[in-house]
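Worksheet: the structure to be examined is printed underneath.
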Amino acid sequence: MTAMLTRLLGRLPIGWLQLVHKKSRLAAAIAGVAFANILIFMQLGFLGALMESIMLPYRAMDADVLVSASDANTLSDGSNLPRQRMFQALAVSGVEDAIPVYFAKLDWEPAADASVSLHVFGIDPNRAPAFWATEIAEKLNRLRLPDTALLDRKTRNISPAFFDDLASGKARSFEMNNKTIDIVDTVSIGAGFEADGYLFVSDQTFLRLFPSRVSGAPNHVLVNIEPLADRDTVVAALQNALPASDTIVRAFDDAAEADRTYQTTERPVGVVFGFGVIIGVLVGIIIVYQVLSTDVADHLKEYATFKAIGYRQRYFLGIVFEEAAILAVFGFVPGILIALGLYQVVSAVTGLPLVMVAERPPAVLFGTIAMCVFSGAIATRRLAGADPADLF
Amino acid sequence: MDAIVDLGATRAHRVDPELPILVSGLNHWFGTGEARKQALFDIDLTIDRGQLVILMGPSGSGKTTLLTLIGCLRDVQAGSVSLLGQELNDASEAVLVRQRRRLGFIFQLHNLHESLTAMQNVRMGLEVHGKIASSSWRPAAEHILSLLGLEDRLDYLPANLSGGQKQRVAIARALVGNPDIVFADEPTAALDAESGRHVVEMLKLLGRERGTTTLMVTHDNRILDLADRIVQMQDGRIVEDQMT
């Protein structure tokens, strides 16, 4: 390693030699950097899980345009929409088809000791397949029978044994909202911060499950446009055709993005996780700065000697950058491994989609290197201004 | 034999454009405000090439301050210090760095880098002169370390060397770069009589053969006879300056 670094740097790798000379201090420094990394990875993981979980129901759909009540920020809030808007939308040029989507929340006790909060979508099984992702679209025909449902098999707090029984045909009927519902199949969506899971029923079943709802007032209207139509043009035409007082028309991806922005910047849970990332980064910076500045302070006398011999300030910067890079890389490896383990644990316990997205590790690694280098540069300033004789 | 030199006398030999050391009217203070205390008073000192000059005096007399001012380790506040023809008062950092590279320093404490072996510490004295092929530094460092009797301690870390051995490594580091001037602050303090004398004899030999000038602060009476000149300081002033 020393020989390799000597060739690489064209000088003695003083930083490396200093670090390995005091093994216990090196271990402590690496642990500090690793901890900073874990902290940031976890906070980014939580925020990422929130964003990911917001997108899950959107990914279950496959529509071009989302028409919602004007006060709806997410799929699960806002007023009902007059079904009249759907007929108005169908009359707009470029629109191929449109269907109403009914949404409600349902508390369900699948077993005596379990309670889950489901987000329920009511959709017409005959017309809906074109508006939903393949896995769901293929199973919608099973909802043609009354009082049947598709259950999210990733629903939180439900044991795998439940789904085994379900698959083997045992125990398919359950009481939900004082109605008996047959779970005929499962789909895979995933739990979020609000929903423990998702349930799909036909629009007719939906209206029986929720007697206060009427067919003339869905929550959203999904719109597909003709294959050759320009989406932006159709969205603009829909916005013209539908009254902005009670209706908002957005391209489907824009609606999903707006939901994510709303939930991460305006809802408490999003703001909390956003702050978590900021605090994580700040604490990480302070840890890394402490590690580097302590190291520079401990070697100040030796650097002063080198300065007296005739080494320039940039030589010491080189040493500190060398240490910064070594600590950043050596701290990153255990940091990401432990973070990956913790992601698994938290995912398993909460059912939240905590995943290491590809761009996160390089971002954290380069962020750490940048912070180490910046801290080192600040720490060596003390050396720049001082007379060598005062530092011995 | 002993000629007492008149301190204020004008020097007729200011012809060498790279006169190693020419100090005139040097004053220096430490501290600020009420605590400000003058450490050096009107120092004039000229040292010729190849000389071995010993600076003596009680502690607190300003010897080390004078040494560090001439050696580019402290900013000159008032007066003039000319080192190898270069004025140091108001000199830029780049000039100071250039001048430092022409000097060899032997510090009171050895000031070795504890993470580096004897060889690597000596290498630091060479590497400052630019990138060197890894093949060429080794013989030079080995040679100087064996001259100082450390041929079987080349790859030892300072922690595994005795005080005297550490001091000799520091001397090797100072000399390996072939300096024009060697500054030494109590270089023999950690050495026994014989090796202390050996080191000073080496410095004297360097003066004779390469024209290396040496300015040494010492209390060590055992080596005074090797000096070309002894300068005595007291309370921040030069009080005696004699050729031997």
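Each chain gets a letter, A, B and so on, in the order its sequence line appears, and its residues count up from 1.
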A:Glu302 vs B:Asn111 side-chain heavy atoms within contact, under 4.5 Å: no

How close do B:Arg101 and A:Gly310 get, counting heavy atoms only, and between which atoms? NE-O, 2.8 Å

B:His219 atom NE2, over 12 foreign heavy atoms within 6.0 Å: yes

As an exercise: rank A:Leu19, A:Leu17, A:Val20 by heavy-atom pairs under 4.5 Å with chain B and give me the winner. A:Leu17

For A:Phe35, look at atom CZ and say whether over 12 heavy atoms of other residues, nucleotides or ligands are found less than 6.0 Å away. no

Please list, chain by chain and in numerical order, all residues satisfying ring pair (Phe, Tyr, Trp, His ring centres under 6.0 Å) with A:Phe306, sequence neighbours excluded. A:Tyr311, B:His113

Run the salt-bridge test on B:Glu114 and A:Lys22 with the 4.0 Å N-O cut-off and return the result as yes or no. yes

Under 3.5 Å: donor-acceptor pair, side chain of B:Arg100, backbone of A:Ile309: no

Give a yes or no on whether B:Glu151 atom CD has more than 12 heavy-atom contacts from other residues, nucleotides or ligands under 6.0 Å away. yes

Can you pull out the residues in residues 74-92 of chain B with any heavy atom less than 4.5 Å from chain A? B:Arg74, B:Asp75

Within residues 153-183 of chain B, which positions have a heavy-atom distance to chain A below 4.5 Å? B:Leu157, B:Arg173

Within a reach of under 6.0 Å around CZ of A:Phe366, are more than 12 heavy atoms found that belong to other residues, nucleotides or ligands? no

For atom CZ of A:Arg59, decide whether the heavy atoms of other residues, nucleotides or ligands shown that lie under 6.0 angstrom number more than 12. yes

To the nearest 0.5 Å, what is the distance between CG on B:Leu116 and NE2 on A:His21? 9.0 Å

Is there a side-chain contact (heavy atoms from CB on, under 4.5 Å) between A:Ile14 and B:Gln120 once you walk through the steps? CA-CA 10 Å; A:Ile14 307 275; B:Gln120 289 170 331; over 6 Å; no

So if I take each residue of residues 261-295 of chain A and look for any heavy atom under 4.5 Å from a heavy atom in chain B, which residues do I end up with? none

Flag yes if more than 12 heavy atoms outside A:Phe374 fall under 6.0 Å of its CZ atom; otherwise flag no. no

Checking B:Glu127 side chain against A:Leu12 main chain: does a donor-acceptor pair fall under 3.5 Å? yes

Contacting moiety of A:Lys307, where chain B heavy atoms sit under 4.5 Å: both

Taking all heavy atoms of A:Ala308 and all of B:Phe105, pick out the closest pair and write down the distance. O-CD1, 4.3 Å

